[in-house]
Amino acid sequence: MGRRWFRWICWVVTVTAFLAAIAQRSFAQTPPTLTVDAASDPHPINPDIYGIASYGLDATFAKEIQVPNIRWGGDGTTRYNWGVDSSNAGFDWYFMGGNGQATPTPGGSADLMINTYKTASRAHTLLTIPIIPYVNKSAAWNCSFPVSVYGAQQSTNPYVHPNGDNCGNSITTGGAQLTDNNIYANHIDNTVALQQGWVQHLISTFGTAANGGVAYYQLDNEPGGWSNTHRDVEPVQPDYDTILSLGQQYAAMVKQTDPSAKVFGPVDFTLGGWIGTPSKQNNLYAGEYYLQKMAAYDQANHQRILDYFDEHYYGGGSTDAAELASTRALWDPTFNSGSWVEQYFFNGPMMLLPRFQSWIQTYYPGTKLSISEYSFSSGTNPLVDALTEADVLGIYGREGLDFANMWNVPKPTDAVAYSFRLYRNYDGTGGQFGGTSITATSTNQGLLSVYGALRASDGALTVVAINKTTSAIATSLVLANFKSTGTAAVYTYSNANLSQIVAGTPVPVVSDAVSYSFPAYSATALVFTPESSSTEATTTSLMASSAQVTAGQNIAFTASVAHSSGTGVPTGSVTFNNGAAPIGTGSLNLSGVATFTSSSLAVGSYTVTATYSGDSNFSSSTSSATSVTVAAAARISTVTSVSASGTQVTSGQNMTLNVKVAPTTGTGTPTGSVTFLDGQTSIGAATLSGGAGSFSTTLSVGTQTITAAYSGDANFAASSSAVLTVTVAVIV
């Protein structure tokens, strides 16, 4: 396997270098040209794409860039026990548990993180809820594989020695994997009740999500890799049905405890985590299967418990050119990064964001998209790392990503910190990239990438251009549907000054275009101020006919576009968006009003905005968001009863369980399926025919508590039977 990967990496590096050489020769003959169209494809940029992980994030820097979200996440949070404020690091660090505190404060470290960044920048928290079956037991230092118990191992923790013992890495000196034979020595069972206690604590400390508390909860971290990172407690990798079952239990708890909070899942790792085992997943990739099953839960229970489809992604490359090119895997239908997933599963380019958006649209429309952990930095060339990250942030805004959180936390003086400043504080006085993405094109995005956005506060057109080559590129940038003043402000980050974004001499705007030489390896922000006489600022307001409708009912969205001053009526069109995804359009009438009516919105929560595209006299604008909920149609309640061919049986004796499902009112016959459970464990299922079904099985020795759970259908609600007790005796 190692040789195969080595040959594959060598091939990728060779191809990348070859393509880069071709591109450089092409550029030497014809430099890329740029075009920005202020009226084309306007859609809001969700500020949550500018998130950064919390670990070590400088609070002053967080305030400077107004970081919108921070994350309590990663491998170290999977086994976090809020009651003792400590976790277990798993294979990442010698399976160390605890924090060494004699009297830990319940939830103390998470509370401190939330409070720090809430104070600094009013940042929303994305907090990891453990769903793994075990969590850490004690704040006292402990480890899963002490040498005194398991013998010599390949490596031991050089720093911490609980009770004078050495903590090993779980692999013997001969290379064999050890098994933890006493999980409960350092762990307790994780339960929904335990985690609900934490959510209740967070609500009592910070309020509900709707009132400034924890806004986002994610369902653990990279569950598709538990058998690797957390091999002491999960030596056998759970399948995705198990991951889904756990996720649904904890997600439902979050929604019950704080209905205003949003839930993220499955939070799985790059490449393999998205795929899983298709043969066990309806021949779907794990991400597709997860969405399909969460949609089925919604339909059966009339409740959305998954708000964000959330995965992780690590890009980058082994050379500067490869790292800069790697961002194209996020979107480019012509770019193949050389990964095994592209070769063996996708059969072509990754196109990660469009691919994930397609999964959502196919299996669970209305779900938002998140990349809650990512990194592209190789760490070998700080400037290239910064340019790559600037490219990533531009792509996220253009492609309509809803949430992102960079894993590697930059110091305020690190080059990557300036990638965020370029979008969040390019001039040192709060100047930001616009909030409405518009079409920006380069004739060679691989050499000179470009991103454009309109800023609502002053109508400015903001542009970020990134020169990914080692030579300056002298070219033109043409504006369409935007009348600028005579000059554009310029701000550049390059090798000329790695500790500052430098304000340059304003460049003249002639015939709706600028000529500019973009320095080698640089990121440049250009700010175009609208001519006061060219287009008048507008305000767009949005109203919905109802804040909540039933699926299948009409709902009307009405957008009104008004000039800020002066006379005249704006013309053109309005796009209605749910987050970054368009759901409809409407043309302005003679009163500056556009409407969009639909009866086909899927069950779920919607955050709708209206974006006016502008015309020759009036500038574009975007409304505030309006929240709308589409609820499932009310279904007729049912009663489920279960009986058995015998309630006193012997070991190995076959028995039949019979179920009947009937409506409590009215007429009609329930359809669908019923699941039989022994306690909390599923033992089989039956498909209803005429409102009845049966299932034959054998039961274990002892007293068994049998229930039947009806899943419901389009017309009839779910219900569960009373407990039926069956005694299974040993054959004498």
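All of these numbers come straight from a predicted model, not from anything done at the bench.
- The closest side-chain donor-acceptor pair between N405 and E373, if any, does not fall under 3.5 angstrom.
- The pair E64-R421 meets the salt-bridge criterion, with a side-chain N (NZ, NE, NH1 or NH2) lying under 4.0 Å from an Asp/Glu carboxylate O.
- Taking the ring centroids of F420 and Y50, they lie at or beyond the 6.0 Å cut-off.
- Taking the charged nitrogens against the carboxylate oxygens, D232 and R79 do have a contact shorter than 4.0 Å, which makes a salt bridge.
- When all heavy atoms are compared, the tightest approach of D385 to T380 is OD2-N, 4.3 Å.
- T173 and Q154 form no side-chain donor-acceptor contact under 3.5 Å, judged by distance and modelled atom types alone.
- With no hydrogens or angles considered, a side-chain donor-acceptor pair links D75 and N221 at under 3.5 Å.
- Side chain of Q177 to backbone of S170: a donor-acceptor contact under 3.5 angstrom is found.
- Of the charged side-chain nitrogens involved, at least one lies within less than 4.0 Å of a carboxylate oxygen, so that D307 and K255 count as a salt-bridged pair.
- The local environment of CG in N181 is crowded, with over 12 non-hydrogen atoms from other residues, nucleotides or ligands closer than 6.0 Å.
- Between V263 and Q218, the closest side-chain pair of non-hydrogen atoms is not below 4.5 Å.
- The closest side-chain donor-acceptor pair between D48 and H124, if any, does not fall under 3.5 angstrom.
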Would you check, one step at a time, whether the test ring pair (Phe, Tyr, Trp, His ring centres under 6.0 Å) holds for Y217 with Y250?
CA-CA 10 Å; Y217 293 89; Y250 287 89; over 10 Å; no
When you look at W407 and R71, which way does the side-chain contact (heavy atoms from CB on, under 4.5 Å) test go after all the steps?
CA-CA 9 Å; W407 175 251; R71 173 178 176 239; 3.6 Å; yes
After noting the C-alpha distance and the side-chain angles of K368 and F403, does the key distance pass the side-chain contact (heavy atoms from CB on, under 4.5 Å) rule?
CA-CA 8 Å; K368 295 184 177 181; F403 188 102; over 6 Å; no
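- Within 6.0 Å of NE2 on H230 lie more than 12 heavy atoms contributed by other residues, nucleotides or ligands.
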Worked verdict on Y364 versus W359 for ring pair (Phe, Tyr, Trp, His ring centres under 6.0 Å):
CA-CA 8 Å; Y364 201 6; W359 290 2; over 10 Å; no
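- In terms of heavy-atom proximity, D85 sits nearest to N99 at O-ND2, 2.8 Å.
- A donor atom on one side chain and an acceptor atom on the other are found under 3.5 Å apart for N136 and S86.
- Closest heavy-atom contact between P104 and V84: CB-O, 3.4 Å.
- A pairwise comparison of heavy atoms in P235 and S227 identifies O-CB, 3.9 Å as the closest pair.
- A donor-acceptor pair is defined here as one N or O able to donate and one able to accept, closer than 3.5 Å; such a pair exists between the side chain of S87 and the backbone of G76.
- Annotation: K63, atom NZ; neighbour count of heavy atoms from other residues, nucleotides and ligands within 6.0 Å does not exceed 12.
- A side-chain donor-acceptor contact under 3.5 Å links S372 and D310.
- Side chain of D220 to main chain of I132: a donor-acceptor pair is present (N/O by atom type, distance under 3.5 Å, no hydrogens or angles).
- Side-chain contact check for S121 and Q66: no donor-acceptor pair (N or O, by modelled atom type) lies under 3.5 Å.
- Residues Y184 and Y134 place their aromatic rings such that the two centres sit under 6.0 Å apart.
- In this structure, Y285 has its ring center under 6.0 Å from that of F346.
- When only modelled atom types and interatomic distance are considered, E389 and Y374 share a side-chain donor-acceptor pair under 3.5 Å.
- Side-chain atoms of T205 come within 3.5 Å of backbone N or O of H201 as a donor-acceptor pair.
- Looking only at distances, no side-chain donor or acceptor of D414 sits under 3.5 Å from a matching main-chain atom of A417.
- Atom-to-atom distance recorded for S358:OG and E288:CD is 8.0 Å, nearest 0.5 angstrom.
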Run T277 and Y240 through side-chain contact (heavy atoms from CB on, under 4.5 Å) and show every step you take.
CA-CA 8 Å; T277 308; Y240 243 76; over 6 Å; no
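- Taking the six-membered ring where tryptophan is involved, the planes of Y308 and Y216 are perpendicular, since the angle between them exceeds 60° and thus also 30°.
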Intermediate values then yes/no, side-chain contact (heavy atoms from CB on, under 4.5 Å), W72 and Y80
CA-CA 11 Å; W72 172 273; Y80 177 73; 3.8 Å; yes
